[in-house]
Amino acid sequence: MQSFKIQEMAVIPGIQLAVIKALEELYAQTCSIKDFQVNQTKPEFEGDYTVVLFTLLKPLKQSPDALGKSLGEKLVNTNPHLFSSYNIIKGFLNLTISDTYWNNVLSNNYTDINYGRKEKNAKKIVVEYSSPNTNKPLHLGHLRNNFLGWSIAEILKAEGYYIIKTCIANDRGIHICKSMVAWQWFANGATPQSTGIKGDHFVGDYYVMFGEQHKKEVKTLMDKGLSKEDAEKEAPIMKAAQQMLVDWEAGKPGVISLWKIMNGWVYEGFEVTYKRIGSDFDKMYYESDTYLLGKKLVDDGLKKGIFFKKEDNSVWIDLTADGLDEKILQRKDGTAVYITQDIGLAVNKYEEFTYDQSIYVVGDEQNYHFKVLKLICEKLGLPSSEGIYHLSYGMVELPTGRMKTREGTVVDADDIVDEMIKVAGEKTAELGKVKDFAEDELKKLYNTIGLAALKFFILRVDPKKRMVFNPEESIDFHGFTASFVQFSYARAKAILRNEAEDKAYQLSLAEPLLHLEKDIIILLEKYPAIISQAAAEHNPSVIVNYCYDVAKTFNSFVTEHRVLKAESENKKQLRLRICRMTANVIASGMALLGIEVPERM
RNA sequence: GGUCCGGUAGCUCAGUUGGAUAGAGCAUCAGCCUUCUAAGCUGAGGGUCAUUGGUUCGAAUCCAAUCCGGAUCACCA
């Protein structure tokens, strides 16, 4: 009964449980899983998993050899379904897991396309990501945000959480007014429709024009003797933008209608990009809605004495006792600052979803901001505060350094996606393996491969680290890439198309598992734990690395061992099941990254 | 200056609740396609894990200091 139970568990917990039980019986001492480590055995030694004995020696008053021998003996004798043999090298007890166990892992799961996914739990998590400004198109940095946010939401879903994906549109403020003013001054009524330019790019162009005009005006004013600082403030186009912000806040009809029209253009453009890259949201929030609630909460906090007013009427909070600074919450003219609307948004989200956790996928340059936000929400006694979690990610840099708007080194999201798909098409055509594909099938394949390469390249880096985006490397389709993983999937499916596995077949234990057969099953067995790890760490790169591992091991396996012309019917059925389960796990893992896998490529 | 994050092969990255001789990919070199997809496989070379000290059976991993890089400390968002 007990051994059956252990056999049904994941292998590491199974080993831990067996060790604890054995030690209790051998030495009448109760250990916990924290008291010893179970690692995968290094390839140069015999065995599959290793119990590190050092930490147990003192409490049990045993020598490494004595403990290893009695523990190894006991484990193998009492758990014949789990362990087949052991050896001891220094303080390491190497255990060979029985082929029965691995055969069961394979046979019990190989057809299950939901393998690795957990039962639904009752926890609700809000994942906010993307969060664009509505004055310019998305760039490379946004792509990292979108890919991370979408993927982490899927990973948490797989882990059993109820997920709500949200997006806050930063749709108001001085930056929005800048593109509006520039349009009024320079557009002569042009529209995305009249020019054929995608809406977000169209509006972004006017944002750039604002900057150029502003620069000119500043120069003129400085030539007249103004300081740089004064010139920047006094430039006519800047004055116009500031006036427009005031008019916007006052609800001036002409300004509001222009704002709506131009934001509408941007949203149309965003929608196209989001659809291409696979971002979607369950709920959109708009800063133009949330900032008023934020202001109200600031008033409340003022009344409660949590905030204070300075002589000039600006509102602040003193966080010096918490090791931070004083932080402004409302300008002296009564208008909202950035954090004001975030307080409102936190409350909005909590009221709507009563979340257990609220994740914000936002760059690490805002670490301080989110520390402050959480602290303020706590001090206001908002129930939303506890769940606030900033999923902070590092900046994306180019080999030449940071992307800089002024130097025109910003990599546009639409451009890079176009380029990836284009090159994917060229490389695919070069290989000439899909000449029988119809036009629309080819188009879909190029999309799948190109976009996958981009997502994989960006997601393979630990989110919290900043990363270098090398366009040439990202566009490579060999080695540690999405194409490699996709290729492995297509290869497995090609074998299975030739001959499907016989589901009724009973695998025999007479032929021992070969190294590569066992290696791949060991890897596949880890998948549920890998999802849990990625979820706990909020880290899709865990999945990326795992998918690559599986693909690499599978490629070695397929090169080394014939599947359809195997040595025996038993080996053929075993290997067909390995192909099936590998394909399922690759498809499942890649899906968690937002990456599709093609049947052929 | 205060706070936070990072530094692993020529380059890009894994590995950090302390475990055996630190791993991949790219790039370089040498092999492998009448055999289920060569976007592949096999092998070689490449390392003071920033530096110094400490903790212990054992440190890339933990602690301290130093050096280097980045972020942030706005009435910007």
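In what follows, chains are A, B, ... by sequence order, proteins preceding strands, each numbered from 1.
Note on V461(A): only backbone sugar-phosphate atoms sit closer than 4.0 angstrom, heavy atoms only; bases stay farther off. Within 4.0 Å of D549(A), counting heavy atoms only, lies no atom of the nucleic acid at all. Looking at heavy-atom distances under 4.0 Å, F45(A) makes contact with a base. Contacts of S314(A) with the nucleic acid, taken as non-hydrogen atoms under 4.0 Å apart, include base atoms. Within the 4.0 angstrom heavy-atom criterion, no nucleotide atom of any strand lies near K427(A). Residue E287(A) is in sugar-phosphate contact alone, with no base atom involved, counting any heavy-atom pair closer than 4.0 Å across all strands shown. Heavy atoms of L324(A) sit nowhere under 4.0 angstrom from any nucleic acid atom. Among the heavy atoms of the strands, none lies under 4.0 Å from D342(A). Counting non-hydrogen atoms under 4.0 angstrom, F487(A) reaches a base of the nucleic acid. If you check every strand for non-hydrogen atoms under 4.0 Å, K34(A) touches nothing. Residue-level contact check: T55(A) touches the bases, meaning some heavy atom is under 4.0 Å from a base atom. Among the protein residues, F477(A) comes within range of the nucleic acid bases, having at least one heavy atom under 4.0 Å from a base atom.
Here the C1' atom of nucleotide rC13(B) and the OH atom of Y546(A) are 20 Å apart, to the nearest Å. One interatomic measurement links the two molecules: CD of E397(A) to C1' of rU12(B), which rounds to 13 Å at whole-angstrom precision.
Here rU28(B) sits opposite rA44(B) as a Watson-Crick or G-U wobble pair (both hydrogen-bonding atom distances under 3.5 Å). Pairing partner, rC67(B): rG7(B), with both Watson-Crick or wobble hydrogen-bond distances short of 3.5 Å. Across all strands shown, nothing is found opposite rA77(B) as a Watson-Crick or G-U wobble partner with both distances under 3.5 Å. Base pairing annotation: rC57(B) forms a Watson-Crick or G-U wobble pair with rG19(B), both donor-acceptor distances under 3.5 Å.
For F469(A) and F457(A), the gap between ring centers is short of 6.0 Å. With ring centers used as reference points, F477(A) lies 6.0 Å or more from F484(A). Aromatic ring centres of Y129(A) and Y360(A): separated by at least 6.0 Å.
Put simply, K42(A) has a side-chain N or O that comes within less than 4.0 Å of OP1 or OP2 on rA20(B). A sub-4.0 Å separation between OP1 or OP2 of rG25(B) and a side-chain N or O of H478(A) is absent. Distances shown here put a side-chain N or O of R331(A) below 4.0 Å from the OP1 or OP2 atom of rA77(B). Within the structure, a side-chain polar atom (N or O) of R402(A) is placed less than 4.0 Å from OP1 or OP2 of rA71(B). Between rC32(B) and T559(A), no contact under 4.0 Å exists linking OP1 or OP2 to a side-chain N or O. R172(A) has no side-chain polar atom (N or O) that falls below the 4.0 Å cut-off from OP1 or OP2 of rA77(B). An OP1 or OP2 oxygen of rA14(B) is reached within less than 4.0 angstrom by a side-chain nitrogen or oxygen of K465(A).
The shortest distance between side-chain heavy atoms of V52(A) and F92(A) falls below 4.5 Å.
For the C1' atoms, the distance from rU34(B) to rG25(B) is 32 Å, rounded to whole Å. Spacing of P atoms, rG69(B) relative to rC26(B), comes out at 32 Å, to the nearest Å. If you take atom C1' in rC36(B) and the same atom in rA44(B), they sit 30 Å apart, rounded to whole Å. Separation of the P atoms belonging to rA74(B) and rC57(B) is 48 Å when rounded to the nearest angstrom. One C1' atom belongs to rU8(B), the other to rG46(B), and the distance between them is 14 Å to the nearest Å. rC11(B) and rA50(B) are spaced 14 Å apart, taking the P atom of each and rounding to whole Å.
For T50(A) against rA20(B), a side-chain N or O and a base N or O form a donor-acceptor pair under 3.5 Å. Looking at T428(A), its side chain comes within 3.5 Å of the base of rA39(B) through a donor and an acceptor atom. Side-chain atoms of N135(A) and base atoms of rA77(B) include no donor and acceptor less than 3.5 Å apart.
Within 6.0 Å of CG in L564(A) there are more than 12 heavy atoms belonging to other residues, nucleotides or ligands.
In this structure, F480(A) does not count as stacked on the base of rA24(B) under the 5.5 Å centre distance and 30° plane angle limits.
To the nearest 0.5 Å, atoms OG1 (T448(A)) and CE (M590(A)) are separated by 10.5 Å.
With D462(A) as reference, K464(A) is the one residue of K465(A), K464(A), R466(A) to meet the salt bridge (Lys or Arg N to Asp or Glu O under 4.0 Å) rule.
Within the cation-pi definition used here (under 6.0 Å to the ring centroid, within 45° of the axis), R144(A) does not qualify as a partner of Y393(A).
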